[in-house]
Amino acid sequence: MTSFVKPRIRRKNQPVNELGLTRADYEGAMSTLCAGCGHDSVTASMARAFFRLSIEPHRAVKVSGIGCSSKTTAYFLRESHGNNTVHGRMPSVATGAAAANSSLTYIGVSGDGDSLSIGLGQFVHAMRRNVNMLYVLENNGVYGLTKGQFSASADIGSLAKKGAPNEQPPIDPVSLALSVGATFVARGFSGDREQLVPLIEAGLKHKGFGLIDVISPCVSFNDHKGSTKSYAHTYKYYHKSVHADFVPPSKDIKVKYDEGEMMPVELHDGGVIRLRKLERGFDPRDRAAATMALAKAQQNKEILTGLIHIDESHPDMHELNRMEERPLNEIPYAELNPGAAKLAELQKNFR
Amino acid sequence: MTSFVKPRIRRKNQPVNELGLTRADYEGAMSTLCAGCGHDSVTASMARAFFRLSIEPHRAVKVSGIGCSSKTTAYFLRESHGNNTVHGRMPSVATGAAAANSSLTYIGVSGDGDSLSIGLGQFVHAMRRNVNMLYVLENNGVYGLTKGQFSASADIGSLAKKGAPNEQPPIDPVSLALSVGATFVARGFSGDREQLVPLIEAGLKHKGFGLIDVISPCVSFNDHKGSTKSYAHTYKYYHKSVHADFVPPSKDIKVKYDEGEMMPVELHDGGVIRLRKLERGFDPRDRAAATMALAKAQQNKEILTGLIHIDESHPDMHELNRMEERPLNEIPYAELNPGAAKLAELQKNFR
Amino acid sequence: MSAASTNDFVIKLANVNGTGSASANGLLMKAIFRMGVPVVGKNVFPSNIQGLPTWYEIRVTGDGYRGRSGDVHIMVAMNAETYEQDLAELSPGGFLIYDNTWPRPHFLSRKDVTVLGVPLARMCNEAFKVARSRILMKNMAYVGVIAALLDLDLHVLHGLVRDMFASKAKLIDLNMQAIALGFDYAKENFSCPLCFRVEPMDKTKGKVMIDGNTAAGLGCVYAGATFGAWYPITPSTSLMDGFAKYCAQLRVDEDTGKHKYCIIQAEDELAAAGMVIGASWNGARAFTPTSGPGISLMSEFIGFAYYAEIPFVLFDIQRVGPSTGMPTRTQQCDIQLCAYASHGDTRHILLFPADPGECFEMAVQAHDLAERFQTPVFVLSDIDIGMNDWMVDELSWDDSYQPDRGKVLSAEQLEKIEKFHRYLDVDGDHIPYRTLPGVHPKGAYFTRGSGHNKWGGYTEDGQEYKELVDRLRLKWASSADHVPAPVIIKSEKKTNCAILSLGSCDGAVVEARDRLEAKGLPLNYMRVRGFPFCSEVENFIQNHEQVYVVEQNRDAQLLNLLLAETRVKRKKLLSVLHYSGEPLDYRFVFDEILKASEMRKSA
Amino acid sequence: MSAASTNDFVIKLANVNGTGSASANGLLMKAIFRMGVPVVGKNVFPSNIQGLPTWYEIRVTGDGYRGRSGDVHIMVAMNAETYEQDLAELSPGGFLIYDNTWPRPHFLSRKDVTVLGVPLARMCNEAFKVARSRILMKNMAYVGVIAALLDLDLHVLHGLVRDMFASKAKLIDLNMQAIALGFDYAKENFSCPLCFRVEPMDKTKGKVMIDGNTAAGLGCVYAGATFGAWYPITPSTSLMDGFAKYCAQLRVDEDTGKHKYCIIQAEDELAAAGMVIGASWNGARAFTPTSGPGISLMSEFIGFAYYAEIPFVLFDIQRVGPSTGMPTRTQQCDIQLCAYASHGDTRHILLFPADPGECFEMAVQAHDLAERFQTPVFVLSDIDIGMNDWMVDELSWDDSYQPDRGKVLSAEQLEKIEKFHRYLDVDGDHIPYRTLPGVHPKGAYFTRGSGHNKWGGYTEDGQEYKELVDRLRLKWASSADHVPAPVIIKSEKKTNCAILSLGSCDGAVVEARDRLEAKGLPLNYMRVRGFPFCSEVENFIQNHEQVYVVEQNRDAQLLNLLLAETRVKRKKLLSVLHYSGEPLDYRFVFDEILKASEMRKSA
Ligand SMILES: Cc1ncc(C[n+]2csc(CCOP(=O)(O)OP(=O)(O)O)c2C)c(N)n1
Ligand SMILES: Cc1ncc(C[n+]2csc(CCOP(=O)(O)OP(=O)(O)O)c2C)c(N)n1
Ligand code: SF4
Ligand code: SF4
Ligand SMILES: [Mg+2]
Ligand SMILES: [Mg+2]
């Protein structure tokens, strides 16, 4: 059968964004995920963030790998281009796409299987290159689409649906990202949209690679008792550490902050991320401090969430490659073709 | 032409080990690396460690990927089996080999290109599985065999031979290993055999995955001024942090230590690693502390060396998989074959 | 077309996945099987977990044919999303059963079928309290309806329910109750049985219902495999699940809890390949199950194992390509890829099982061949074989079987020889001796994927290189006489036409052939079971004027292999290609061959 | 065999790698080229960095033949490790030059060659102070010796030295001095010139010496490629080096220093493939150079690009397989792999350049074809073409060229149409329209490697699936008339025999053919340049009785493709296979065909 298209209903008095678009304009095809799947909530948060940032849908590009999570790029932003690539290799396709046209907004959606097993190498190297994109890792500790095998993010002691415990140490995308120098590292929870939407907004606006590890429970295979990626477990150990608000460039942000309480981070386009510390004494702008805070939380078995690290100083892939502003795909051939005369000249060296 | 075989000369009064073998018995074919290459020194250290541990050469297995570093498995332990696999995928071959026969000693040799780019995923997952092997990463910041491209361990600002600087953050195998829960993490330097040999001994004796990141300069493509993986640079920023001595089980080790100064770590076979702190105030047995020490050293641009982390409590792959002691390849077929009667019984469910 | 019939008709059940219908449908099929009547079952499911259309087709086939027929006589339409398509598919004279809790008058649009409405949801909502039960029990309720309509043996059904829930006794009553609900409703409201009905027979004795992946997993246990590594991918996952289940049952020491096997879920297919190669190289029987994308990813390692001569058993449970394709639909589309996988000059051994019985046997043969020839061996199954329950002869085992571990030198043998050379053709059979690490100092050698000579040394010398790869080619060619021989069925009538096919095409081909013969078109039939092709394959083609090559892919991959690897004339071969992803039905084969033969006659 | 000869002989230089010999040898070759005499150069180097044997062969070929001859008339033996082998290879009547600082009396073992000892090390140690110079200058000194022996023009040599060290003036004198050392020694001690000598000609006007990888990199610049991603692998690295060099030279804004291109060194070949696909999908012309192992690793992505219809240009600089094989030796061993790369039914477009000139042209054509047909396109070069300097016609460029970007809809076009459907065959040419992200809201669509229908929607419907892959097959077939046409050379004599070959075989084949004709065996010749084969290929074979298929692999991969993809009869085709890893020489082809034709006659 063909894909399901959600009926487009316009209600009166519905909120519109700066472009005059409604929330419905940021929706996509009907989800084919299981009822209650965390990924659907994340999809809704992503749509919301794009709506709030007033990004023209067709100026956004959605890329994904393979998995239930990766399917969700079809379920929001109907009017943007999607590229549902192969398993674990989305980062490379995103890298190439971003290289070709820096003027669009790139969002990658992946799962813990897609990113931490088959895709680990590409995931790390996209961070290392600081590709200008937001990477949303919908982390459920399990392979949903292939029916319930443990993924590499399953915690030691977490029980499988059939009862077997995982005994291998988990790969934590956040620790990993910090260890390889990622410039925007956050963690959220599908069940906490209030925290998640501003994180997505901030990540989209960050110039460079933004990672949000979103705990997103799989109701079919990993939401039972004993699972450490279930709704119940996440609510229990959930620790909001730093709250991030995104303030667009147009808004007046000349507010005073008490140092240590509110930490404004200015973005390249003039927007600001307002970080509000909730409890723990670390500064997300300092990578070593973030690494240590995370190490401590791990020892306490807490799930540290919020914007854990941000660094606006490191150049993104385009800057590193000294690329001009104009997208590669818009440079006319006349500018690229050295011409016949030049060819003759070049060949003097070949005699 | 065929491979070069080093002539075997026996001198009188040369030292022998517990097996009555001489150092020459632990050598291999003649190296075809460049004169002065760091890797040749590492080869010598490995041969020395096997000699000192009195491991029968044919009871050792050497595995490697592709690169100048990976070639070196041919240059020591002539009488052991070597498997020079494909680029970046040695860890998986090692994992399978180790699974099939737990009674041999496994050593993997790789390069920074082999391990941190094409092989990153396998490298991390072998650590995660805690495969019982020693993994020696000969790190020169460059692709030697393909003639001088930067590898992922090249530091920001490091200059290529042709003069172009690297601007991407390096992947540090040691940080990475700590972030994914490796149980034995060390760093050495090809130019410091005194430190390296005991580290190799300890790594070989550790039950689980042992990583030694060895800085091993490439004289042909990355030993010039401006390179941060040159001999000169390494000597300058080299920081010995923890010295490790390996004491075999037979030796009497009932010595008293001042806590904090000398830290004995008992190994599964009864041997002991004696850690001697040289300066910095951290305990390598504590992963979070090691992570923090490393983060600080990075900020100070120091190259922290020695045994940076060890954890003897985590089960290795065999234990995790509850495998019996006997190697899989020695279980007689009679024990594996359920027989015709059983087959008939099993099929009752299929009616 | 659909006249009344006993033991010869098709029921199709249209459901939504994730609602528990698959086990109810399986139960229904097994009930018929236990009544002694042969059945063919096909489960067509979507590539998601919950909420999309899924179909289960049960062919009741008193004649014992093993393929699909292409008809649908009774449609159980439980999915509103696909009502229209399901109705359209029904053969004239057929019956449509649906849940008329919400009546659907447009079902009346077809006058040539009978619509039977049953208020399944209403009945279940009334009878059961828990929401989840209400959904699950609807399935059992329609099983009850069908039982009444087809005159199924209720005792058999009850027995099956008891077996199914042996460990959860509470559920037995619940399920029985649901079956009764449907059964009673049908008895009261319809005239039972229908013109389509099941009558007990005696044709399933000595048979079992098993899927190919489970059988292959079990085959690996019997082969003595101790190591398996894989990365989950539909439709191969259940092969490793099967192996794991039987290992847990048969290979765990009762006292110590220790395992005599090791299974690793790898981080991807490349790693799975590497692990199996590592374990094999080190002397354990090892294998990996995967599907097309996995083969693509393993390509580099396949070439390594070929060149370094390391045994490497792969199961490719084929699905619709290219790329991710339709992961839950069937095809035979990796034949050419597997035959020559990897860069450089490489060629491999392939086995083509046609049903779960052969999956079991060939799993064992694959390990023997891989070790004998020290090379990759592919077992090319597919979704149809791998994931559907097939009725096959009870699997049997010869207790005198001993694995062929190939030419591996023991410590004693090594002790005796002067010097061991890994790649020397000592016996003139193109197969060198190998040794295992740790066995003896003399056995040590260096394995590499780079140039090496027959002594086992590194080489960049062209002649030394050639000598080695020439031997590899001869070694491969010599395996033709060791792969399973083709199965030939000769017509009793004289004919110069034939069918050549492989794997899961078999059921449909056998039936089409019978019916073509009945129509006056006798055909001989050869089913190839291994590659490289033995001389019999070539001879068979040479002995016919026209050979229809039936296979399930777009590009005639088997036919291309025949052209490249035998000396047969192209014009003898005529392709019959089915590649929509549904399991092949005999009607397709019948129609295509008839058409072609008529064209031929008129030409 | 080796009679005196002017402008027709072979010099071979045996060195140790890492000693700077390659540039000295290149200089020598270029000197002859600048004297107007055609040359063929082959560099055979080991897979390491320093200390292993390496050979450089220079054929002086006044006749302008472009392949190797198989002879060696002058051997410069600078590597003690290979003395024996080098001596053995020398043709009777030849000369052996060696460093007699340490005399080697056993060179006298061959009476049919002349040994010329030159105390190169001693002279250089006396003349130069720095250790490194002493090593490097030995090379220049033997260049001087040869210059004297062959009567080379010293002015030309000096000019070359000046060009070479234009930026390091200090080195000019040093090198001149070394050349003089050797030159003077030879003049004094030997009777110069030898019977083998170079005499100026006028045959290199309008020609250049260039390697195929540089030419292909330059071709990508002219094609308007703006994105390249690769993972370093011998022998493809220099292609990207070439592209990078010309981009740095031609595509950096002088004022801002900003780049109009992007090159990424990927973490592996899978990532390189993904990046190129991503960039192409997003409308940049993009490519990746690699070699066999890379193709294996890219297989999954190749199928994705095929099925999702994304342009994807790959250069496969072939090397000896299987596996790591001999990474610095040449073969044509990935033909079959590339033709059908990836699982499922897939088939691709291949281009076969025969020399650096065609590498340049086909780099441009590959981009045009990839965008026109929205599919992967492989340029199959090899080490011989890619890494050796070839004498070819000066590359030329037609300034009126405009890239064929294929059927991409602009914002204006999108504005006008009602609804865009990505995979609809609107024009009946089997090629759908595509759109680029960000251009227009109406252009948005969802790209996927899973089942999709012509509307661009997800599908698991067999008929919708078939419709799409049937179109893909037709699209591919229709490209046969757009790939470069075969080159046919007809004999002036009547003949029903022919040679069919491809790529780097060309030079040797052309020469062998001339010589066979001279021997009374006239042959027609077709060189295929693209796949799928156009009808001309099939017709050519049909019009001959016997066709020798010359290729550089063990398994007759081109021949197999011809069997599978055309209707030609197998028995017409006879393989001539060369796969030792050395570049093909005409003598091999000549001997094989002669032998075969004699067998045929006697049969
Ligand atoms: C090359 C390849 N191997 C295996 C698969 C099968 N496969 C599909 S999705 C998936 C795992 C998905 O897990 P995750 O990324 O965590 O996504 P989730 O479904 O949990 O959201 C696997 C193994 C595939 N599609 N391709
Ligand atoms: C699949 C594949 N891609 C690329 C190569 C080419 N290659 C050989 S070695 C190497 C890099 C080696 O670098 P490293 O591991 O750092 O070793 P080093 O030579 O520096 O010791 C590469 C890219 C290959 N052999 N195989
Ligand atoms: S299987 Fe799990 S991850 Fe997949 S859709 Fe269902 S709940 Fe979500
Ligand atoms: S190139 Fe570098 S790494 Fe390779 S052998 Fe030479 S010095 Fe060592
Ligand atoms: Mg998951
Ligand atoms: Mg390196």
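Here is the naming used below: chain letters follow the sequence lines, and residue numbers restart at 1 for every chain.
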Candidate list D:Thr435, D:Val439, D:Thr447, test side chain to side chain contact (heavy atoms under 4.5 Å, CB included), partner A:His81, passing option
D:Thr435
Examine whether an atom of [X] lies under 4.5 Å from a heavy atom of chain A, and if so say whether it belongs to the side chain, the backbone or both; otherwise answer neither.
X: D:Ala286; value: neither
X: D:Phe446; value: both
X: D:His440; value: backbone
X: D:Val276; value: neither
X: D:Gln463; value: neither
X: D:Leu218; value: side chain
X: D:Lys207; value: backbone
X: D:Lys260; value: both
X: D:Leu270; value: both
X: D:Phe360; value: side chain

Identify the two heavy atoms, one from [X] and one from [Y], that lie closest to each other, and give their separation to 0.1 Å.
X: A:Leu336; Y: D:Gly224; result: CD1-O, 3.6 Å
X: D:Phe227; Y: A:Ala99; result: CE1-CB, 3.4 Å
X: D:Gly274; Y: A:Ser92; result: CA-OG, 3.3 Å
X: D:Ala271; Y: A:Gln122; result: CA-NE2, 3.2 Å
X: A:Gly339; Y: D:Asp399; result: CA-OD1, 3.4 Å
X: D:Gly438; Y: A:Leu104; result: CA-CD2, 3.8 Å

Supply the atom-to-atom distance [X] [atom1] to [Y] [atom2], rounded to the nearest 0.5 angstrom.
X: A:Glu325; Y: D:Thr256; atom1: CD; atom2: OG1; result: 10.0 Å
X: A:Leu343; Y: D:Asp398; atom1: CG; atom2: CG; result: 12.0 Å
X: D:Leu436; Y: A:His58; atom1: CG; atom2: NE2; result: 12.0 Å
X: A:Asn321; Y: D:Ile264; atom1: CG; atom2: CD1; result: 6.0 Å
X: A:His318; Y: D:Lys258; atom1: NE2; atom2: NZ; result: 10.0 Å
X: A:Leu328; Y: D:His259; atom1: CG; atom2: NE2; result: 11.5 Å

[X], part contacting chain D, at a heavy-atom distance under 4.5 Å:
X: A:Pro338; result: both
X: A:Arg128; result: neither
X: A:Glu335; result: both
X: A:Ala60; result: neither
X: A:Thr85; result: both
X: A:Lys342; result: both
X: A:Thr105; result: neither
X: A:Leu346; result: side chain

Looking at D:Lys203, I want to see if its NZ is surrounded by more than 12 non-hydrogen atoms of other residues, nucleotides or ligands under 6.0 Å.
yes
Counting only heavy atoms not in A:Arg351, do more than 12 sit closer than 6.0 Å to its CZ atom?
yes
Select, from D:Arg34, D:Glu394, D:Gln402, the one with the greatest count of heavy-atom pairs under 4.5 Å involving chain A.
D:Glu394
Most heavy-atom pairs under 4.5 angstrom with chain A, which of D:Gly443, D:Ala444, D:Pro437?
D:Pro437
What I want to check is whether the side chains of A:Asn84 and D:Tyr458 have a donor and an acceptor closer together than 3.5 Å.
no
Among the options [options], pick out the one with the most heavy-atom pairs lying under 4.5 Å from chain D.
options: A:Met90, A:Met323, A:Arg59, A:Met317; value: A:Met323
options: A:Val63, A:Ile66, A:Thr73; value: A:Thr73
options: A:Ala97, A:Ser103, A:Ala341; value: A:Ala97
options: A:Arg89, A:His87, A:Arg129; value: A:Arg129

Would you check, one step at a time, whether the test side-chain contact (heavy atoms from CB on, under 4.5 Å) holds for A:Asn83 with D:Phe304?
CA-CA 11 Å; A:Asn83 198 331; D:Phe304 173 72; 3.3 Å; yes
How are the rings of D:Tyr401 and A:Tyr333 set to each other: parallel, tilted or perpendicular (split at 30° and 60°)?
perpendicular
Report the C-alpha separation of D:Leu395 and A:Gln347 in whole Å, then their side-chain angles, then the decisive distance to 0.1 Å, and conclude whether the side-chain contact (heavy atoms from CB on, under 4.5 Å) test is met.
CA-CA 8 Å; D:Leu395 307 180; A:Gln347 289 179 86; 3.3 Å; yes
Show the numbers, then the answer: is there a side-chain contact (heavy atoms from CB on, under 4.5 Å) between D:Phe301 and A:Val93?
CA-CA 10 Å; D:Phe301 257 134; A:Val93 176; 3.7 Å; yes
